[in-house]
Amino acid sequence: DAGITQSPRHKVTETGTPVTLRCHQTENHRYMYWYRQDPGHGLRLIHYSYGVKDTDKGEVSDGYSVSRSKTEDFLLTLESATSSQTSVYFCAISAEVTGERGNAEAFFGQGTRLTVV
Amino acid sequence: DQQVKQNSPSLSVQEGRISILNCDYTNSMFDYFLWYKKYPAEGPTFLISISSIKDKNEDGRFTVFLNKSAKHLSLHIVPSQPGDSAVYFCAASSFGDYKLSFGAGTTVTVRA
């Protein structure tokens, strides 16, 4: 199994409070991602990182920010949590691939179930 | 707008029979396709992939077929086993773009 640890695994928070989710990897992979999983939507990309301090927005980035100060850590912050951000959040990592194949599979963490009340 | 679509939310199949999961995509730039399997309370796990230079890839009981002209791929599981009961996600990416776009998933139930 890929070395990916998400913390916390479960969290309940109140509307309007900031929340930070942590993703830690031991694989030294370049790329890291945050997805959210919701019924009927599958997995949707929130933000991703292609290196230390290099991040970009995904398709559902509003209300979220990220930081990556070290290769192994990728933090997701909900600046002011809302009930619509109740979801399961997954961190994923992938390695850089050289050569003619320009893609690599992503490996996922166990997920963080976040409930905003 | 979702670029990867799995139009069947669920599939029920008898143990030992074939499971066929379908996936359609709209982005013609996609050239790498993956299937993930997910059990409850766990993260998705990579199952099998195929690049656009192929039309078939096999790994044990799992075979993925790609029809580029129809922008369609399918996953065949033969024979289906009870442990195959899970949610299956189809995903796609473009060359050099490591971000994956996912479908909504298909829940497979294998009946004894």
Side-chain angles (χ1 to χ4, degrees), chain A residues 1-7 9-10 21 23 25 27 29-51 54-61 88-113, chain B residues 1-10 21-27 29-54 57 59 62 64 66 86-107:
Chain A
D1 288 347
I4 310 170
T5 304
Q6 290 186 231
S7 58
R9 292 294 312 279
H10 302 271
L21 308 183
C23 178
Q25 63 147 330
E27 305 295 321
H29 282 354
R30 177 180 177 184
Y31 298 91
M32 298 186 76
Y33 316 83
W34 279 105
Y35 288 88
R36 60 179 287 176
Q37 185 197 1
D38 303 289
H41 292 279
L43 293 149
R44 292 181 292 174
L45 183 65
I46 305 171
H47 281 280
Y48 65 101
S49 169
Y50 45 96
D54 290 324
T55 65
D56 207 347
K57 296 178 180 180
E59 62 181 305
V60 289
S61 59
V88 181
Y89 292 85
F90 289 101
C91 174
I93 63 174
S94 63
E96 184 169 21
V97 177
T98 56
E100 63 178 33
R101 180 182 158 198
N103 308 83
E105 55 268 26
F107 298 95
F108 284 80
Q110 295 280 70
T112 295
R113 181 172 292 277
Chain B
D1 191 26
Q2 210 158 14
Q3 300 182 76
V4 178
K5 298 179 181 179
Q6 295 176 255
N7 292 319
S8 297
S10 63
L21 291 76
N22 294 302
C23 178
D24 298 294
Y25 61 97
T26 57
N27 188 339
M29 298 300 291
F30 286 152
D31 63 356
Y32 186 59
F33 304 90
L34 309 89
W35 286 93
Y36 282 82
K37 177 179 180 179
K38 186 185 179 304
Y39 293 119
E42 295 184 10
T45 55
F46 170 72
L47 195 56
I48 192 169
S49 64
I50 187 167
S51 83
S52 59
I53 61 173
K54 296 183 176 181
N57 189 27
D59 185 0
F62 302 91
V64 57
L66 176 62
V87 179
Y88 290 80
F89 292 102
C90 173
S93 68
S94 310
F95 183 86
D97 184 352
Y98 289 79
K99 305 188 301 292
L100 295 176
S101 295
F102 283 85
T106 297
T107 300

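In the text below, chain A, chain B and the rest are named by the order of the sequence lines, each starting its count at 1.
With sequence neighbours left out, A:Ser49 forms a side chain to side chain donor-acceptor pair (under 3.5 Å) with A:Arg68.
The parts of B:Leu100 that come within reach of chain A are both its backbone and its side chain, each placing non-hydrogen atoms under 4.5 angstrom from that chain. For A:Gln6, no part sits under 4.5 Å from any heavy atom of chain B, backbone or side chain. Only the backbone of B:Ala41 has a heavy atom closer than 4.5 Å to any heavy atom of chain A. Only the side chain of A:Arg9 comes within contact range of chain B, judged by heavy atoms closer than 4.5 Å.
For the side-chain contact (heavy atoms from CB on, under 4.5 Å) test with B:Pro44, the passing option among A:Phe107, A:Phe90, A:Tyr35 is A:Phe90; the others fail.
In this structure the side chain of A:Leu43 never reaches within 4.5 angstrom of the side chain of B:Tyr36, judged on heavy atoms.
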B:Lys99/A:Tyr50 under side-chain contact (heavy atoms from CB on, under 4.5 Å): CA gap, chis, key distance, verdict: CA-CA 10 Å; B:Lys99 305 188 301 292; A:Tyr50 45 96; over 6 Å; no

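Aromatic ring pairs are classed by plane angle as parallel below 30°, tilted from 30° to 60° and perpendicular above 60°; the pair A:Tyr31 and B:Tyr98 is parallel.
Of the listed residues A:Gly42, A:Cys91, A:Pro39, the one with more heavy-atom pairs under 4.5 angstrom with chain B than any other is A:Gly42.
Taken to the nearest 0.5 Å, the CD atom of B:Gln2 stands 8.5 Å off from the CZ atom of A:Arg44.
Residue-environment remark: CZ (A:Arg30) exceeds the threshold of 12 foreign heavy atoms within 6.0 Å.
Minimum interatomic distance between A:Gly40 and B:Ala104 (heavy atoms only, all atoms of both residues): O-CB, 3.6 Å.
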